[in-house]
Amino acid sequence: MDKKYNEFSRLSLTDFANEILKFWNQEKIFEKSVSEKDGHQPFVFYEGPPSANGMPGIHHVISRTLKDLVCRYKTMQGFQVKRKGGWDTHGLPVELGVEKSLGISKEDIGKKISVEEYNATCRREVLKFKDKWDDLTRKMGYWVDLEHPYITFENNYIETLWWALKKLYDKGYLYKSVSIQPYSPAAGTGLSSHELNQPGTYKDVKDTSIVAIFTVRRNEKSEFLFKNVKGNVSFIAWTTTPWTLPSNLGLTVGEKIEYSLVETLNPYTHEPVNVVLATQLIPRYFKPEGENLEFNSDQAKKIIPWKNIQSFGGKQLEGISYEQLMPSEANTMEKIKESDPEADPFKVILGDFVTTEDGTGIVHTAPAFGADDFKVGKQNHLGLLVLVDKKGKFIDGVGEFSGRYVKDYRDEKNYQDVNVDISVMLKKEGKAFKIEKFEHNYPHCWRTDKPVIYYPLDAWFIKTTAVKDRMIELNKTINWKPESTGTGRFGNWLENMVDWNLSRSRFWGTPLPIWQTEDGEEKICIGSINDLKTEIRKSVEKGFMELPAEYKGQTEKFIEQLTSDLHKPFVDTIILVSPSGKPMKRVPALVDVWFDSGSMPYAQWHYPFENKEIFKQNFPADFICEGVDQTRGWFYTLHALAVLLFDSVAYKNVVSNGLVLDKNGNKMSKRVGNVIDPFKTLDEFGPDATRWYLITNASPWDSLRFDTEGIKEVQRKFFGTLYNTYQFFALYANVDGFFNQEKSIPVNERPELDRWILSALNSLEKEVTENLDNYEPTPAARAIDSFVNDQLSNWYVRLCRRRFWKPARKENGVENASDVKDKISAYQTLLECLVQVSKLMAPVAPFFADWLFRNLNAVVKVDTKQSVHLTDFPKADPKIIDKELEKRMELAQDVSSLILSLRKKVNIKVRQPLQKVLIPSLGDEFENRLKPVVHIIQSETNIKEVEVLPVNNDFIKKKAKANYKTLGKRLGAGMKWAASTIQNLSGEQIDRASDSKLLLNPEYDKKGEEAIYITSEDLEVSTEEIPGYEIAVKGSLTVALDLELTPDLKNEGFSRELVNRVQNLRKEKNLEVTDKIVLIIEDKGLTKNIISDYNDYICAEILARQIDFVPSLTNGEQIEVNNDVLTVQIKKIS
RNA sequence: AGAUCCGUAGCUCAGCCUGGUUAGAGCACUACACUGAUAAUGUAGGGGUCAGCAGUUCAAAUCUGCUCGGGUCUACCA
């Protein structure tokens, strides 16, 4: 064997990672990890496409670590896991980025810059940071196919989207309707919720608000309101947007809210009025001292008098009619009927959105200008009035207000607030109950800073509500991590689902493939490029489309060219022929980018135009994983489209990871400057430590406080320890020439310690597998962590150290066979642990795992694979797991720990041997457990003998505590009494209970109680005292140490000290571990005898051929052993 | 406003599902020890109203309800 294990001068996770990365690239390990699994069962993973026009952040590292570790794990388990990367390329963020870099605004599109040029820039810019992303992907070790990603702007991708849209259209799921959307009159454009959520859009503003008076029409329904009052009855309703009052068509009340009829005076005109409002809100408008005040009294001039006439539920008000508040030419019944022939406005309706927090509990309802208003308006056939145009000004026919802007949209110098004027007018007419400035939070257009209004706009919808029940049903079959996201956040979302507003009025996006005639009577939805070509041919034939000069006579070439990019503005130049022969133009809408990403299961394969078989095998996904913010984003659109198109789930398991916060728990934001640069982090700490930290620190779905100190800790504790363990192994294995050439020693022939660590290892394999199968990587990685640190390094290696460097005894020049076997067993065991750990940790820390695996495997050849990622994931062998053995070792650890703490307490160092430790038996099981590990305790704590005290001895004083679990169930309320009684039991009573049973309340008869017998299982017995010994206790386990130091023990301690000092000298002199020496000591008389007595032991330990005593030593070195100073010299024998 | 997650030592987190004795670990801190794994390691110590309140129970960090604080998503409403 010429090859040795690599030894390293220091741990550099980044260097190791770079080296392994190079190896992966050269040997195409990722590609092999997929191709080697050809024919295996696939495990389907979908990559949620990031947008490459922004820089990646640290939060991308966590979700990608999760994705990667699951995929690597499944690969090692034998599945074939293809991972196609993808890019989300459409949408507003891209447009904004382009506008910023070009220094233009939306208005300039089509003027300063053509749509063609604009979109070309988008296409170019959107992958601006692709290189950075790819770089991060590689550096963090995220294995995903970067060479063949799907890109949402590509024609093939769009063609699949069109296919899907057509399918929805044919099923009747794609329809056009009006919806109320945020709209910026100043910018002349609708705003998406994303735009509305830009920072700073919601501002506190003061607006003129008015409580208006709506006069009730007296009829059968309203008659009950007129009982006991004189004159008119009115509803009062509040609004912060008086400009919507001319468009009022209804009043909404809450079914469960109680309302009252109040007799009072109009505060402005002082005419008597009777008003209806929510009972709860009376104090908001009326002073308590005004209640039941005489209407004509003097006081009534200062304090408005009022009287609650009667109260009733909101339900009773339903259907009552009232007089139109501000009639004008533009809002006559005729006009209203135009919007809905069945319109029946000016009545009270019920709505569940009504609250009693603001206003009067009666909501002024103008269906055109509020989403809720629109909804109830439609349900109740209120009709629709849009008295404000898209510029934000009143249309003609609204009397004196026509032509006036409802808000100051044009920065007019002398802008008169029309809301004030409306209020003043109503006040004069006696139709105002209260007018005041009201400060509230109102959205503003992020671009123009002007207030947004809600406005009815044409929109295309997908009828998701049609399959709502099916979506809920199928959702129940999805395994959500954490479960609460699926049932809670997502489940609720599904329960309250509304139709999906698909259309966006933008430039860079997937065009909606619907063409329609000018009157909207005839429509066609295009589902493929071929269909489009066919239709264009018809159109060219018909003469609706003319060939440009350069294509004269080359219709096909022209069509080919025209359909080579399905984006605007090209698609919009296409005019098609309707069945009746009329021209049709494309509707202006683009589709929501979420449709792009939600369609990726099929669009990434250009299904159904290509890859039908591939798609079939890769749908639905076994696993997806994204941030929890995608719940109503990608997770939803994937699910909705899968149900709509295929009546299937899109994914079977989904992990939603939480947010990454900074170390103070604040959201990371560029503005605050607390963002973590993932590149810097990876460079500084290496990908393995970063990944390990992210996974072990908190469950993926908990939000994570990111602190680089934590990564340092991981580096030092976990990787440092594992690295040291490897180094230890490599060092001695090289010295001993252990290269795994020997036959594997059967596990049952190995020593206790070896069998124990192998049992623990297999238990670990079981635990890790169970957790990873469950998509719980955090406990899995933590278990590996604790195995490596606590069991392998801190116990196994520490206890076995001697086995590795102690040479086998020689008898007649031949090494003792059992010594050799013991040593090989130790090497084989440690090797097995290291190799298996490298496999177990491979999904989480792929670089280091491979580094470890390859360093070992290069020499020991336990596996034919060249990378750990091509090997099989360890499967626990139940035959090797011995829980009893693990318990035994735990006992040894506990006993040793107790003894060490006692030594500490009395200040006797471990090197000083002690004669005896006493351990009171806790029964047969305990003794059987203890016996096999006695020698471990002895060597670990340097104690000559371990004596077990029999169960019933008179020697130790015991005390007992109640076992609450067993007794509590039986005794219930008597538990307290029993606990204190048990605490006071004598040792003799405790023994009796342990042997058979003890009557706890001998006087039960007298007191008329039930007899209470307790047995050993009801007691937790512990040792209180062992006379003459120092004791230490953990639970019911007790150890007592014999502290007597006999001369023999002292001498042995002395010799051990000496060995220790000489070892230090060897190290100081930079001697090799294997160098032989001669030790020369200046003869000081006393110590000579001790040293001579232990000559053999000392020589063996320090690798000395002999110890020479000389009368005086001039060039020696002084060492202190216990309280003696010795002058010594060590000489290397060459 | 609704939904959801989180709140345990100075920090990061276990424990909670399935209630039970003195609530654990690591880091940090302090002291001592160890020194052929050594940028390691061991032992000990200080440090907790388990966010608060109420309920269920013999018994609550654990189960229930409410409140408070933080995060996220959705909505933005007269």
Side-chain angles (χ1 to χ4, degrees), chain A residues 10-11 182 193 196-197 202 209 237-241 244 251-252 351 353-355 357-366 369-373 441-443 454 482 484-485 487-493 496 627-633 658-659 661 663 665-667 696-699 701-705 707 709-710 712-713 716-717 720-721 723-729 731-732 778-779 782 785-786 789 793-794 797-798 801 805 897 900-901 903-905 907 909-911 961-969 971-979 1020 1035 1060 1063-1064 1066-1067 1071 1073:
Chain A
R10 76 192 185 96
L11 168 65
S193 59
L196 226 50
N197 279 325
Y202 279 86
S209 77
W238 179 64
T239 179
T240 54
T241 51
T244 59
L251 292 172
T252 311
F353 58 91
V354 180
T355 68
E357 302 213 340
D358 289 310
T360 63
I362 301 176
V363 175
H364 145 61
T365 304
F369 304 119
D372 285 335
D373 303 39
N441 201 251
Y442 197 81
Y454 290 82
S484 59
T485 301
T487 52
R489 188 178 284 200
F490 196 67
N492 278 311
W493 173 246
N496 301 314
V628 67
D629 52 323
Q630 293 297 332
T631 307
R632 284 149 189 191
L659 272 253
L661 310 171
K663 63 177 174 184
N666 298 313
K667 193 181 176 179
T696 51
N697 190 54
S699 280
W701 32 89
D702 287 340
S703 49
L704 172 84
R705 292 191 178 194
D707 188 355
E709 286 302 313
K712 281 186 198 159
E713 191 182 321
R716 206 175 58 235
K717 277 215 75 89
T721 307
Y723 164 82
N724 276 337
T725 309
Y726 166 78
Q727 286 278 70
F728 174 86
F729 173 83
L731 175 70
Y732 288 109
T778 305
R782 280 177 179 165
D785 201 314
S786 113
N789 264 310
S793 167
N794 249 343
V797 172
R798 197 153 55 82
R801 243 150 59 182
W805 48 264
S897 158
L900 290 174
S901 79
R903 277 179 166 278
K904 167 72 203 155
K905 201 165 157 194
N907 238 330
K909 46 183 73 171
V910 180
R911 238 182 263 120
K961 271 185 197 161
N963 179 347
Y964 282 75
K965 210 163 189 168
T966 58
L967 282 172
K969 281 203 184 82
L971 303 182
M975 189 60 220
K976 271 194 183 125
W977 173 85
E1020 311 249 335
N1060 168 253
Q1063 300 287 33
N1064 287 348
R1066 287 182 57 116
K1067 201 178 175 191
L1071 292 189
V1073 178

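For the numbers below, each heavy atom of this structure counts, side chains included, while hydrogens, waters and symmetry mates do not. As the structure is a prediction and not an experimental result, all values here were calculated from the model. Naming convention: chains lettered A, B, ... in sequence-line order (proteins, then strands); numbering from 1 in each chain.
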Gap in Å between the two [atom1] atoms, one belonging to [N] and one to [M], rounded:
| N | M | atom1 | answer |
| --- | --- | --- | --- |
| B:rU56 | B:rA60 | P | 12 Å |
| B:rA37 | B:rC32 | C1' | 22 Å |
| B:rC66 | B:rG2 | P | 12 Å |
| B:rG52 | B:rA9 | P | 11 Å |
| B:rC13 | B:rA51 | P | 15 Å |
| B:rU41 | B:rC27 | C1' | 16 Å |
| B:rU18 | B:rA25 | C1' | 23 Å |
| B:rC50 | B:rG42 | P | 30 Å |

Check every strand shown and say whether [X] touches a base, only sugar-phosphate, or nothing at a heavy-atom separation below 4.0 Å.
| X | value |
| --- | --- |
| A:Gln1063 | base |
| A:Thr252 | nothing |
| A:Tyr726 | nothing |

Can you tell me how far [atom2] of [N] sits from [atom1] of [X], to the nearest Å?
| X | N | atom1 | atom2 | answer |
| --- | --- | --- | --- | --- |
| A:Asp372 | B:rA1 | CG | C1' | 12 Å |
| A:Asp785 | B:rA25 | CG | P | 16 Å |
| A:Asp373 | B:rC76 | CG | P | 12 Å |
| A:Tyr964 | B:rA60 | OH | P | 11 Å |
| A:Leu11 | B:rU38 | CG | P | 12 Å |
| A:Glu713 | B:rC13 | CD | P | 11 Å |
| A:Phe369 | B:rC76 | CZ | C1' | 18 Å |

Just to be sure I follow the notation: if a pair is Watson-Crick (purine N1 to pyrimidine N3 plus N6-O4 or O6-N4) or a G-U wobble (N1-O2 and O6-N3), each under 3.5 Å, what dot-bracket string does RNA chain B give, with | for pairs to another strand?
(((((((..((((......[...)))).(((((.......))))).....(((((..]....))))))))))))....

Establish, with yes or no, whether the OP1 or OP2 oxygen of B:rC77 is under 4.0 angstrom from a side-chain nitrogen or oxygen of A:Tyr454.
yes

Measure all distances between protein nitrogen or oxygen atoms and nitrogen or oxygen atoms of nucleotides 39-43 of chain B, and list the pairs falling under 3.5 Å.
from: B:rA40; atom 1: O2'; to: A:Asn724; atom 2: ND2; distance (Å): 3.4
from: B:rU41; atom 1: O3'; to: A:Asn794; atom 2: OD1; distance (Å): 3.2
from: B:rG42; atom 1: OP1; to: A:Asn794; atom 2: OD1; distance (Å): 3.4
from: B:rG42; atom 1: OP1; to: A:Asn794; atom 2: ND2; distance (Å): 2.6

Comparing nearest nucleotides in RNA chain B, the 5'-proximal residue of the pair A:Leu731, A:Thr696 is A:Thr696

Atom pair [atom1]/[atom2] of [X] and [Y] - distance to nearest 0.5 Å:
| X | Y | atom1 | atom2 | answer |
| --- | --- | --- | --- | --- |
| A:Arg716 | A:Leu11 | CZ | CG | 12.0 Å |
| A:Tyr454 | A:Asp372 | OH | CG | 10.5 Å |
| A:Asp785 | A:Thr721 | CG | OG1 | 8.5 Å |

What are the two closest non-hydrogen atoms of [X] and [Y], and how far apart are they?
| X | Y | answer |
| --- | --- | --- |
| A:Gly361 | A:Val354 | O-CG1, 3.4 Å |
| A:Thr252 | A:Gly351 | CG2-N, 3.3 Å |
| A:Thr360 | A:Ala237 | OG1-CA, 3.6 Å |

Of the options B:rA37, B:rA78, B:rC13, whose atoms approach the side-chain atoms of A:Val363 most closely?
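Of the candidates, B:rA78 comes closest.
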
From C-beta outward on A:Thr239, which listed nucleotide comes closest to its side chain: B:rA78, B:rA14, B:rU12?
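Closest of the options to the side chain of A:Thr239: B:rA78.
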
Quick one: does any side-chain atom of A:Thr241 pair with a main-chain N or O of A:Thr239 as donor and acceptor, under 3.5 Å?
no

Using only atom types and a distance under 3.5 Å, with no angle test, would you say the side chain of A:Arg798 pairs donor to acceptor with the backbone of A:Asn794?
yes

Side chain of A:Ser793, base of B:rA37: donor and acceptor closer than 3.5 Å?
yes

Given side chains that start at C-beta, do those of A:Phe728 and A:Val797 come closer than 4.5 Å, heavy atoms only?
yes

